[in-house]
Amino acid sequence: MMNVEKLREIVGNDWVITKREQMERYLVDETAPGVRPKPADNVVVVKPANTSEIARILKLANIDKTPVFVRGGGTGLCGGAVPTLDGIVLSMERLDKIEEVDKDNLMIVAEAGVTLESMLKAVEEAGLFFPPHPGDEGAQVGGLVACNAGGTRAVKYGVIRNYVKGLEAVLPTGEIINLGGKLLKNNQGLDLMHLLIHSEGILGVITKVILRLYPRVASSGTLVISYDNRHDAIDSVPKILQSGVIPLAIEYVERDEIETSARYLNMKWPATKGKAYLMVILTGANDDEVYSQGEQVSDICEQCNAVDILIAETGEEQSRILKMRSELYSSMKEQYADILDVTVPPASVGVFMDRVDEIAKRFNTNIPNYGHAADGNLHSHLLADLQDKGIVRQVKREIYQEALKLGGVITGEHGIGVIRIPDLDLCPDGKMWELMRGIKRLFDPNNILNPGVGLLG
Ligand SMILES: Cc1cc2nc3c(=O)[nH]c(=O)nc-3n(C[C@H](O)[C@H](O)[C@H](O)COP(=O)(O)OP(=O)(O)OC[C@H]3O[C@@H](n4cnc5c(N)ncnc54)[C@H](O)[C@@H]3O)c2cc1C
C-alpha cells in the first residue's frame, strides 16, 4: 500500500500530486499513442529535491513493496517512463543543478534532472563542446544515461556511454552508490557504472552524472550529398570512413520525408536534385582542415555517383540542416504508428532497407527509413495505415526478423522500455536474459523499480 502521508513528510506537501487531472503529463511519454502503454489508475507523482529524499522514498517503497517509476524528461519512445502499475512516479525535474563545469579536467558534473538543453548551454558558455545530440533537448541527463542515448552526432565520439565517467545513484533498497569519478582510467573491480548506463531505470535511480567534454570545434562544415539511388548513398559511407576522415555525423534521409520536415519547420531543404541524401558533418582544427576533408568526401561521393554536393559553412545554415534532420520524427508524428530503431552491421544498411521495402510492398504500405547510416542504426517509420489495418505488430516483427538475420538487434537507441518486451521472444538467448534477471534481483530484490521495463520477464 502506498503511504502518501509519509511521501509528503519526505518531500513536502507541494511536491506530491495525487489529483489525476494535475498529473496527466506524467502518465505519458513520446511513444506513439497507438502502442504507448496504458497508465495505471492509482498513481502518485512525487518530486524530490535531492538524492537523500530519493533514498528515503525508495527505502519506504521497498518496505511497502510499492512500484516506483522513474521519470526524466518524458521524451522516451518506448513507454519506459509510463507508470503501468499502481505506484509512484518519481519525477527528477527538481534535481536540475549543474554543479560544475570543470575546464581543467574537461568534465561537467550535473544533477540527473538537468535537461540536455540547459547542459548544452552551460557547456557552450564555458567555451567547450558536448558532441552527442539525441533529437529532443527536453531529455534529462539522467534519462540520456539511463537510455544510453545516441543520436546524430555519434560517429566520431560515440554514444552517451562513451562520455559518462562517474555516476551517483540510489539503489531500489534506498542505498546510495558512487561509481567512477573524474577519471579517464578506472579498472577498480567490475564496471558497475557501465551496468547502470542503459539500465532503463531498473537497477537504480541515477541522481548525478559526470560527463566528459571536448574543446569547442574550431571549424565545421555540413555537406548535403544528393543521389538518385539509395545504394550509391549507402555505399559511400564505408568509403568515407576508410579514407581516414571521421565525420561527426553521417545521416541518411530521403526526399519525401526530409521535405515534410522542412515544411513542418517552415524551412527549405537545400538540395534540389536526387532523392536520397547523406548529411555529413565535418569538424576540424581550422577551416582549411574542414575544407580538405570536404574535398576528400566529395571525391569519394562523386565516384559513388552522387549527383550534387552542397556545403553549408555558416553556423546558421548548418544548424538549419541539422534541425530538419532532427525534427524529421516530430514532423511525421501525426501519421505514425511506431518508430523503430533497429541496428544492423553498418555495411548491411542498404540490404536492410531493401528488405523493409519488400515488407512494405507485401503489406501494401510505405515504410520510410532514415537515420544514422554510419552507425547501422535506422529509423523505420511505421505509418498510421498499419494501425487502421491492425497489423502494426505483424509488420514490426517482420522488420525485426530481417534485422536479426543480418546480425542486428531490434533496438540500438531507444531501448526496450515496455513496448519492445512482447517481441523479445525473437531474441531467444536464454542464458543472456537469465543473467540479466539475476542482476535485476540482486539490485532490486522486491522488483519495485520500473517493474515491467527493459527485461524479458
Ligand atoms: C523528437 C525526439 C528525438 C529523439 N532522438 C533520439 C536520438 O536521436 N537518439 C536517441 O537515443 N534517442 C532519441 N530520442 C529518445 C529520447 O529522447 C531518449 O531516449 C532520452 O534518453 C530519454 O531521456 P528522458 O529524460 O526524456 O527519459 P524518460 O523518457 O523520462 O525516461 C526514459 C527511461 O529512462 C528512465 N529514466 C529517466 N531518468 C532516469 C534516472 N534519472 N535514473 C534512472 N532511470 C531514469 C525512465 O524510467 C525510462 O525507463 C528522441 C526522442 C524524441 C521525442
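Note: hydrogens, waters and symmetry copies are ignored here, and every other heavy atom, side chains too, is used. Sequence positions, counted from 1, serve as the residue numbers for this chain. Remember, it's a predicted structure, so these values are computed and weren't measured experimentally. Counting starts at 1 for both ligands and their atoms, following the listed order.
Less than 4.0 angstrom separates some heavy atom of G201 from each of these atoms of ligand 1: 43 (C), 44 (N). The distance from ligand 1 to the heavy atoms of G143 drops below 4.0 Å at these ligand atoms: 21 (O), 23 (O), 24 (P), 25 (O), 27 (O), 37 (C), 38 (N). The atoms of ligand 1 that sit less than 4.0 Å from any heavy atom of S330 are 1 (C). The distance from ligand 1 to the heavy atoms of G80 drops below 4.0 Å at these ligand atoms: 47 (O), 48 (C), 49 (O). Counting the atoms of ligand 1 from 1 in the order shown, those under 4.0 Å from a heavy atom of G151 are 7 (C), 8 (O), 9 (N). For ligand 1, the atoms lying closer than 4.0 Å to a non-hydrogen atom of G150 are 9 (N), 10 (C), 11 (O). Residue E200 approaches ligand 1 through these ligand atoms, each under 4.0 Å from one of its heavy atoms: 49 (O). Using a 4.0 Å cut-off to heavy atoms of H414, the atoms of ligand 1 that qualify are 12 (N).
When only non-hydrogen protein atoms are considered, atom 29 (O) of ligand 1 lies nearest to G76 N, 2.8 Å. From the protein, the heavy atom lying nearest to atom 41 (N) of ligand 1 is I206 O, 2.9 Å. What sits closest to atom 1 (C) of ligand 1 on the protein, heavy atoms only, is Y329 CD2, 3.2 Å. What sits closest to atom 50 (C) of ligand 1 on the protein, heavy atoms only, is L77 CD1, 3.7 Å. With hydrogens left out, the protein atom closest to atom 36 (N) of ligand 1 is A146 CB, 3.7 Å, a heavy atom.
Contacts between A139 and ligand 1, counted as non-hydrogen atom pairs separated by less than 4.0 Å, involve both the backbone and the side chain. Both the backbone and the side chain of Q140 come within contact range of ligand 1, each with a heavy atom under 4.0 Å. The proximity of N450 to ligand 1, defined as any non-hydrogen pair under 4.0 Å, is limited to the side chain.
Side-chain atoms of D444 come within 3.5 Å of backbone N or O of I448 as a donor-acceptor pair. Side chain of R20 to backbone of D41: a donor-acceptor contact under 3.5 angstrom is found. Side chain of N148 to backbone of H198: no donor-acceptor contact under 3.5 angstrom is found. Of the possible donor and acceptor atoms, none in the side chain of N447 sits under 3.5 Å from a partner among the backbone N and O of R441. Between the side chain of K440 and the backbone N or O of I202, at least one donor-acceptor pair lies under 3.5 Å.
Taking all heavy atoms of G73, G204, G417, G142 into account, the minimum distance to atom 43 (C) of ligand 1 is reached by G204. Of the candidates V70, V114, D136, V70 brings a heavy atom nearest to atom 39 (C) of ligand 1. For atom 3 (C) of ligand 1, the nearest non-hydrogen atom from the set G74, G135, G371, C78 belongs to G135. Comparing A112, C147, A81 against atom 33 (C) of ligand 1, the shortest heavy-atom distance belongs to C147. Among T75, V418, T31, the residue whose heavy atom lies closest to atom 51 (C) of ligand 1 is T75.
A tilted orientation is assigned to the rings of Y370 and H381, their planes being inclined by 30° to 60°.
Two rings, from Y214 and Y157, have their centers less than 6.0 Å apart. Y252 and H372 have their aromatic ring centers separated by at least 6.0 angstrom.
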Start with the C-alpha distance between Y400 and C427, add both sets of side-chain angles, then the distance that settles side-chain contact (heavy atoms from CB on, under 4.5 Å), and finish with yes or no.
CA-CA 10 Å; Y400 288 160; C427 328; over 6 Å; no
Determine, step by step, whether R230 and E254 satisfy the salt bridge (charged side-chain N to carboxylate O under 4.0 Å, His left out) criterion, reporting the C-alpha distance in whole Å, the side-chain angles of both residues, the deciding distance to 0.1 Å, and the verdict.
CA-CA 8 Å; R230 160 196 293 172; E254 292 185 0; 3.2 Å; yes
Pair R25, E93 - check salt bridge (charged side-chain N to carboxylate O under 4.0 Å, His left out), show working.
CA-CA 13 Å; R25 75 186 180 90; E93 67 201 89; 3.7 Å; yes
Are D341 and N377 close enough, and set up right, to give a side-chain contact (heavy atoms from CB on, under 4.5 Å), and what steps lead you there?
CA-CA 6 Å; D341 63 313; N377 179 207; 4.1 Å; yes
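Ligand 1 is never approached by D29 to a heavy-atom distance shorter than 4.0 Å.
Taking any N or O of E413, backbone or side chain, at least one lies under 3.5 Å from an N or O belonging to ligand 1.
The shortest distance between side-chain heavy atoms of E100 and K182 falls below 4.5 Å.
Cation-pi geometry between R94 and W15 is satisfied (NZ or CZ under 6.0 Å from the ring centre, within 45° of the ring normal).
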